[in-house]
Amino acid sequence: MQLSELEQTKLNQVRLDQSWKEGLADFLLSQQMDDLRSFLVAEKNANKTIYPPSSLIFNALDTTPLPNVKVVILGQDPYHGPDQAHGLSFSVQKGVALPPSLRNIFHELNTDLGVPVSRHGDLSKWAQQGVLLLNSVLTVEAGQPTSHQKRGWENFTDHVIDVLNERREHIVFILWGAYAQKKGQRIDQNKHLVLKAAHPSPLAANRGGFFGCKVFSKTNNYLKQHGIEPIDWQLDA
């Protein structure tokens, strides 16, 4: 993509990992992104509390650069409670109580691979190994779940998936629940592995289809089959 001097200057102002900045340049320079940016500024000017903090909105992309992605775990919205969201899907900061969905994820991980249940919910170690913990919507108003849906983030994260789908191969996409599975319809399953299961939330998981899905062992088996270093899912030392 050939950029004008003005476009390059505008792109340089975006605080985002360089590999993603280049891959997503067309969207970052689009009117859709300008509209999304204006919406977030207006929300902050109205003294609304937005999660995660602005420095962590792109945490998933910053922690897992484009060339490093091995696995994508697709979530929906950030947590909307204080000190929870830090830009990684399903993850919470250390010292924060584990949300029910994350408890179920850890339970399945323990059943699948025998990994001890973590004492904390910070999934940064997964992200650093190449697990892109991507929410479909990257911000939310405090105490208002789904409040930033249909503001433009869905189109942004569609572009993230498209870039991975087109530029990379042998990525494992883990899609929990109908929402993630619908968003994942754009993935080329001849190039990548798509693993589907019920959502880990208590309501969905207890209906069946999440526990026993064995996505963690399936992921590592696929990576090893293609000569890719598997993920060490254990969080505690």
Side-chain angles (χ1 to χ4, degrees), residues 1 7 9-17 19-64 66 69 72-93 99 101-102 123 127 132-166 173-187 199-201 204:
M1 181 178 178
E7 288 174 328
T9 299
K10 184 177 179 181
L11 198 60
N12 289 342
Q13 294 172 346
V14 177
R15 291 182 296 174
L16 178 63
D17 168 79
S19 64
W20 283 113
K21 195 185 293 190
E22 292 172 359
L24 299 168
D26 58 341
F27 190 89
L28 292 171
L29 295 170
S30 70
Q31 185 61 49
Q32 291 181 79
M33 192 67 196
D34 288 343
D35 292 343
L36 177 55
R37 210 175 275 118
S38 297
F39 164 71
L40 292 173
V41 169
E43 291 289 280
K44 290 180 180 179
N45 288 343
N47 293 319
K48 294 181 180 180
T49 300
I50 307 300
Y51 296 134
S54 56
S55 62
L56 294 176
I57 289 174
F58 292 130
N59 192 22
L61 302 176
D62 288 332
T63 308
T64 315
L66 176 54
V69 177
V72 178
I73 297 180
L74 189 59
Q76 190 164 347
D77 292 90
Y79 297 118
H80 55 87
D83 301 319
Q84 290 182 306
H86 63 133
L88 306 178
S89 64
F90 295 102
S91 180
V92 292
Q93 301 185 70
S101 292
L102 190 53
L123 306 182
L132 181 64
L133 296 164
L134 181 68
N135 278 318
S136 175
V137 175
L138 300 191
T139 57
V140 70
E141 181 183 346
Q144 301 292 326
T146 74
S147 51
H148 287 187
Q149 287 187 3
K150 299 180 180 178
R151 294 290 185 171
W153 280 127
E154 292 91 343
N155 292 333
F156 175 82
T157 50
D158 278 348
H159 274 69
V160 172
I161 293 171
D162 287 345
V163 168
L164 290 169
N165 187 43
E166 293 162 10
F173 289 85
I174 297 175
L175 308 179
W176 286 322
Y179 183 91
Q181 289 163 23
K182 183 177 180 181
K183 193 173 179 71
Q185 288 174 354
R186 57 209 306 122
I187 300 163
H199 196 276
S201 66

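Being a predicted model, the structure only gives us computed values, none of them experimental.
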Q: Evaluate the side-chain proximity of P82 to Y51: yes if any heavy-atom separation is below 4.5 Å, no if none is.
A: yes

Q | Result of checking L61, D62, V14 against W20 for side chain to side chain contact (heavy atoms under 4.5 Å, CB included) | A | L61

Q.
I'd like to know if the side chain of S147 and the backbone of Q144 have a donor-acceptor N/O pair within less than 3.5 Å.
A. yes

Q: May I ask you to check whether F90 and H199 place their ring centers less than 6.0 Å from one another?
A: yes

Q | N/O donor-acceptor pair under 3.5 Å between N165 side chain and R186 backbone | A | yes

Q.
Checking I161 against L74 for the side chain to side chain contact (heavy atoms under 4.5 Å, CB included) test, could you report, in this order, the C-alpha distance in whole Å, the side-chain angles of both residues, the deciding distance, and whether it holds?
A. CA-CA 10 Å; I161 293 171; L74 189 59; 4.2 Å; yes

Q | S30 side chain vs M33 backbone, donor-acceptor pair below 3.5 Å | A | yes

(Q) Within this structure, what is the CD1-CG distance for the pair I187 and L175, rounded to the nearest 0.5 Å? (A) 5.0 Å

(Q) How long is the straight-line distance from NZ of K21 back to CG of L28, given to the nearest 0.5 Å? (A) 8.5 Å

Q. What are the two closest heavy atoms between P99 and V92, and how far apart are they?
A. CG-CG1, 3.6 Å

Q) Which distance, rounded to the nearest 0.5 Å, do you find between the CG of L66 and the CG of L24? A) 8.0 Å

Q) Parallel, tilted or perpendicular for F39 and H148, by the 30°/60° rule? A) perpendicular

Q: Check whether the side chains of T157 and K183 place a donor and an acceptor atom closer than 3.5 Å, and report yes or no.
A: yes

Q. With no hydrogens and no angle check, is any side-chain donor or acceptor of T64 less than 3.5 Å from a backbone partner on A127?
A. yes

Q) Run the side chain to side chain contact (heavy atoms under 4.5 Å, CB included) check on V137 and E154 step by step: do they pass? A) CA-CA 6 Å; V137 175; E154 292 91 343; 3.5 Å; yes

Q: Taking the side chain as every heavy atom from C-beta outward, state whether I73 and L123 have any atom pair closer than 4.5 Å.
A: no

(Q) Tell me the closest heavy-atom pair linking N155 and Q32, and the distance in Å. (A) ND2-OE1, 2.6 Å

**Q.** Pairwise distance CG(L138) to CG(N59) - rounded to 0.5 angstrom
**A.** 10.5 Å

(Q) Are D77 and P145 packed together at the side-chain level, in the sense that at least one heavy-atom pair is separated by less than 4.5 angstrom? (A) no

Q: Measure the OG1-CH2 distance between T139 and W153 for me, rounded to the nearest 0.5 Å.
A: 5.5 Å

Q | L16 side, atom CG; L11 side, atom CG - distance, nearest 0.5 Å | A | 8.5 Å

Q. Is there side-chain contact between Q31 and D35, with at least one heavy-atom pair below 4.5 Å?
A. yes

Q: With side chain to side chain contact (heavy atoms under 4.5 Å, CB included) as the test, would you mind laying out the steps for L164 and L132 before giving the verdict?
A: CA-CA 11 Å; L164 290 169; L132 181 64; 3.8 Å; yes

Q. Does some side-chain heavy atom of D158 sit less than 4.5 Å from a side-chain heavy atom of F27?
A. no

Q: Taking the side chain as every heavy atom from C-beta outward, state whether T63 and H86 have any pair of such atoms under 4.5 Å apart.
A: no

Q | Minimal non-hydrogen separation, P52 against A85, with atom names | A | CB-O, 3.6 Å

Q: I would like to know whether L134 and S89 meet side chain to side chain contact (heavy atoms under 4.5 Å, CB included); could you show each step before the answer?
A: CA-CA 5 Å; L134 181 68; S89 64; 5.5 Å; no

Q: Check the surroundings of atom CZ in R37: do more than 12 heavy atoms from other residues, nucleotides or ligands lie under 6.0 Å from it?
A: yes

Q.
Quick check: do R151 and L40 have side-chain heavy atoms less than 4.5 Å from each other?
A. no

